*Asks:* 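Okay, handing you the structure first.
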Amino acid sequence: KGCKTGLPFTIEQPAPITVDLGPDLTINLGDRVQLTGAVSPGNLYTYNWGGFDPGCADCPVVDFLPVREGFHYLTVTNSNGCLGLDSVFI
């Protein structure tokens with residue numbers, strides 16, 4: 001009665017999510033741009049682009065026509081709710 005027992009355990013942290021949109025870009029007005037969200041480690045992700053209208057908010061690759069210079073963002077979320085973020089200046 002009243003006895004307790006315990007076991008030590010370690011909770012492993014998952015690998016951080018890394019997102020890479022590549023280097024900043026210099027383009028001419030009217031040039032189309034394709035951005036690819038390279039994400040690791042491999043998993044199922046939800047993609048959320050910001051700073052522009054990508055035409056497809058949940059796509060890993062977007063092709064668009066920038067209308068002004070500025071930062072363009074990609075936030076990815078995995079099934080555990082962990083986030084990764086990168087930005088590129090165009």
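This structure is a prediction, so every number in the text was calculated from the model and none was measured.
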*Asks:* Would you list the pairs meeting salt bridge (charged side-chain N to carboxylate O under 4.0 Å, His left out) in which at least one residue belongs to residues 64-90, sequence neighbours left out?
*Replies:*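 Sorted result for residues 64-90: empty, none.
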*Asks:* I'd like to check the salt bridge (charged side-chain N to carboxylate O under 4.0 Å, His left out) partners of Arg32; sequence neighbours left out, ordered by chain and number.
*Replies:*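 Arg32 satisfies salt bridge (charged side-chain N to carboxylate O under 4.0 Å, His left out) with Asp63 once adjacent residues are dropped.
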*Asks:* Give me the other members of the hydrophobic cluster that Ile11 sits in, counting Ile, Leu, Val, Met, Phe, Trp and Tyr linked by side-chain heavy atoms under 4.5 Å, directly or via other members.
*Replies:*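 So far as hydrophobic clustering goes, Ile11 is joined with Phe9.
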*Asks:* For Val67, which fellow cluster members are found when Ile, Leu, Val, Met, Phe, Trp and Tyr are connected by side-chain heavy-atom distances below 4.5 angstrom, either directly or through intermediates?
*Replies:*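 Members besides Val67: none; it forms no cluster.
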*Asks:* Would you mind listing every side chain to side chain donor-acceptor pair (under 3.5 Å) that reaches into residues 3-16, with sequence neighbours excluded?
*Replies:*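 Pairs touching residues 3-16 that pass the test: none.
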*Asks:* Which pairs count as disulfide (SG to SG under 2.5 Å) when at least one residue sits in residues 16-64, sequence neighbours excluded?
*Replies:*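 Qualifying pairs: Cys56-Cys59.
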*Asks:* Considering only residues two or more places apart or on different chains, which pairs with a residue in residues 61-90 satisfy disulfide (SG to SG under 2.5 Å)?
*Replies:*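 Not a single pair qualifies under disulfide (SG to SG under 2.5 Å).
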*Asks:* Using every non-hydrogen atom in the two residues, find where Pro41 and Pro16 come nearest and quote the distance to one decimal.
*Replies:*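 Minimum heavy-atom separation between Pro41 and Pro16: CD-O, 3.5 Å.
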*Asks:* Considering only residues two or more places apart or on different chains, which pairs with a residue in residues 73-82 satisfy side chain to side chain donor-acceptor pair (under 3.5 Å)?
*Replies:*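 Applying side chain to side chain donor-acceptor pair (under 3.5 Å) to every pair that reaches into residues 73-82, excluding sequence neighbours, yields nothing.
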*Asks:* Under the salt bridge (charged side-chain N to carboxylate O under 4.0 Å, His left out) rule, what pairs show up with a residue in residues 17-31, not counting sequence neighbours?
*Replies:*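 Sorted result for residues 17-31: empty, none.
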*Asks:* Tell me the salt bridge (charged side-chain N to carboxylate O under 4.0 Å, His left out) pairs involving residues 50-60, sequence neighbours left out?
*Replies:*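 As it turns out, there is no salt bridge (charged side-chain N to carboxylate O under 4.0 Å, His left out) pair with a partner in residues 50-60 once direct neighbours are skipped.
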*Asks:* Using side chain to side chain donor-acceptor pair (under 3.5 Å) as the criterion, list what pairs up with Thr18, not counting sequence neighbours.
*Replies:*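 Listed in chain order: Ser40.
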*Asks:* Should side-chain heavy atoms under 4.5 Å link Ile, Leu, Val, Met, Phe, Trp and Tyr, which residues sit in the same cluster as Phe52?
*Replies:*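 Hydrophobic cluster check, Phe52: joined to Ile17, Val19, Leu21, Leu25, Ile27, Val33, Leu35, Val39, Tyr45, Tyr47, Trp49, Val62, Phe64, Leu74, Val76, Val88, Ile90.
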